[in-house]
Amino acid sequence: MPAVEEVMTIVRGMTDAERDELFRLLDELDQKAWDKERADATRAFHAAGLTDDDIDEAVRKLRYEGRS
């Protein structure tokens, strides 16, 4: 993992402000990826003829009925 070690060395050498900016940018990147994944999944469900209510019900079942 030389690349990871190199990145960690760079991060350790950053100021607090630089690290804060890095984390802000990583959070922004993560949010964009989540938004795209959610939009892609919604389009796929709608293309399959499912409604938002169907999607909500499927999520509810996975969250609450899957636990026993």
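The closest side-chain heavy-atom distance from Leu62 to Val59 is not below 4.5 Å. For the pair Ile10 and Val7, the minimum side-chain heavy-atom distance is 4.5 Å or more. Within the 4.5 Å cutoff, no side-chain heavy atoms of Leu22 are placed close to those of Glu18.
Counted by atom type alone, Asp35 and Gln31 present one or more donor-acceptor pairs between their side chains at under 3.5 Å.
Taking each heavy atom of Asp52 and His46 in turn, the nearest pair found is OD1-NE2, 2.7 Å. Thr51 and Asp54 get closest at one heavy-atom pair: N-OD2, 2.9 Å.
Met14 contributes atom CE, which lies 10.5 Å from atom CG of Asp20 (distance to the nearest 0.5 angstrom). For the atom pair CD of Glu21 and CD of Glu28, the computed distance is 8.5 Å after rounding to the nearest 0.5 Å.
For Asp30 (side chain) and Asp27 (main-chain N/O), no donor-acceptor pair under 3.5 Å exists by modelled atom type.
Residues Arg60 and Asp56 are not paired through a salt bridge, judged by the lack of any N-O separation under 4.0 Å between the basic side chain and the carboxylate.
Hydrophobic clustering (side-chain heavy atoms under 4.5 Å, transitive across Ile, Leu, Val, Met, Phe, Trp, Tyr) keeps Trp34 apart from Leu29.
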